Amino acid sequence: MSETERQNQPHAVVTGGSGFVGSHLVERLLDDGFRVTTLDNYSSGRQENLKHIDDPSLEQVTHDVRDPFPDFDAVDQLYHFASRASPTDFEDYSIQIAMTNSLGARNAFEWALEYDATVVLASTSEVYGNPKTHPQTESYNGNVNIRGIRAPYDEGKRFSEALARAYIEQTDIDIRTVRIFNTYGPQMRPSDGRVIPTFLDQALSGKDLTIHGDGQQTRTFCYVSDLVEGVRRIAETDAMAGDVLNLGHTNEITIEELGETVVDIVDSSSTLTYESRPKDDPDLRQPDISKAKEILDWEPTVDLGTGIRKTVEHFADQRDGDEQTAQVTDN
Ligand code: UDP
């Protein structure tokens, strides 16, 4: 491809483009014919998540979204995905997380306005907190402990959604919000802290799987390629302008069942061990995805067994590469 042809490609910017979901999204955007720029401060993202991509249409820029965004020639789509998202980080990086999701969102929206770019804002099922309705529809207002240990993330994301709403009211910005439920797949850091990489790491090294509480809390787990498909449809579907949508798998299982499944798939000698449960850990979570089915004609296609097997295939490499991130220090 010539330089002129490259300049004529649509341009997508992905904040958090070296993170778990961001890196999969970048790969998909390149496949879809975009020129892609990532903005990442590499606090939880890893450069190696994109090292297998040798494509001149990809540019990687070191940038923290808490700072005003750099200038570009033109931007068509902005995927605002930068933020630590693991509950184990919610206390250690609380200020970073709160500011990334508040100031970072402001910087993203102001910048998108300048370029007239469509924004896809990554929100989360955490906006529902410990939900009192089940499954969760987009119209449910949630049950978040505003002074709890998860608040910097939960309330940070809720604020970014409220700010999006304000910008939509007062400007002609096009923001589409995706509430992402638990997602997993290759390129999650083994030390990420979330349950699937933790259980895989433990099962592969023959350690006991650490079940929090009695393991009867539930989640659903969406394989990352399904999520990325949904995110792309949100960006390309005009009816999504200004709207919000859940994306996640609907197969609800207990964490104890998940542990048994992982041990079985890995064929591990590990057993399950029961530990205390973190405060404010939601008891139940399952998305109602009727809206995604109706507007995007989207539903997940990868079942948990298949997705975990695909993740395991990539896991050995990632366990080696995890050292790099462990050396990054920030606040
Ligand atoms: N969990 C667990 N053991 C672990 C890590 C997580 O039992 O080593 C539980 C956690 O308490 C929660 C569920 O698994 O009930 C999902 O946790 P995760 O951190 O993946 O994401 P969350 O859904 O809480 O955002």
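Start at 1 and go down the list; that is how both ligands and their atoms are numbered. What you see is a predicted model; the values in this text were computed from it and never measured.
- With ligand atoms numbered from 1 in the order given, ligand 1 contributes 25 (O) to contacts under 4.0 Å with heavy atoms of E126.
- Annotation: F72 is in aromatic contact with H11 [ring centroid separation under 6.0 Å].
- Evaluated for a side chain to side chain contact (heavy atoms under 4.5 Å, CB included) with I175, the options I168, V120, D243, V244 yield exactly one hit, I168.
- Of the protein's non-hydrogen atoms, the one nearest atom 13 (C) of ligand 1 is I255 CD1, 3.6 Å.
- For the 3.5 Å distance criterion, the side chains of R179 and Y128 qualify, holding a donor opposite an acceptor.
- The contact set between ligand 1 and I211, taken as ligand atoms under 4.0 Å from a residue heavy atom, comprises 7 (O).
- Listed here is the closest heavy atom pair of T38 and G17: CG2-CA, 3.8 Å.
- At a 3.5 angstrom cut-off on N or O pairs, T198 does not count as close to ligand 1.
- The protein non-hydrogen atom at the shortest distance from atom 10 (C) of ligand 1 is H212 ND1, 3.5 Å.
- Side-chain rings of F181 and H249 stay apart, their centers remaining 6.0 Å or farther from each other.
- Proximity to R150 (heavy-atom distance under 4.0 Å) selects the following atoms of ligand 1: 22 (P), 24 (O), 25 (O).
- Residues F199 and V263 have side chains not in contact (no heavy-atom distance under 4.5 Å, counting atoms from C-beta outward).
- From the protein, the heavy atom lying nearest to atom 23 (O) of ligand 1 is R219 NE, 2.5 Å.
- Comparing T218, V195, L272, L258 against atom 14 (O) of ligand 1, the shortest heavy-atom distance belongs to V195.
- Residue contacts with ligand 1: R277 is excluded, as none of its non-hydrogen atoms falls under 4.0 Å.
- Taking every non-hydrogen atom of T210 and a distance limit under 4.0 Å, the qualifying atoms of ligand 1 come out as 2 (C), 3 (N), 4 (C), 7 (O), 8 (O).
- Within ligand 1, counting atoms from 1 as listed, the ones closer than 4.0 Å to a heavy atom of D281 are 10 (C), 11 (O), 12 (C), 15 (O), 24 (O).
- Near N182, meaning under 4.0 Å from one of its heavy atoms, ligand 1 places the atoms 21 (O), 22 (P), 23 (O).
- A donor and an acceptor atom, one from each side chain of E252 and T218, are located under 3.5 Å apart.
- The shortest distance between side-chain heavy atoms of I289 and W298 falls below 4.5 Å.
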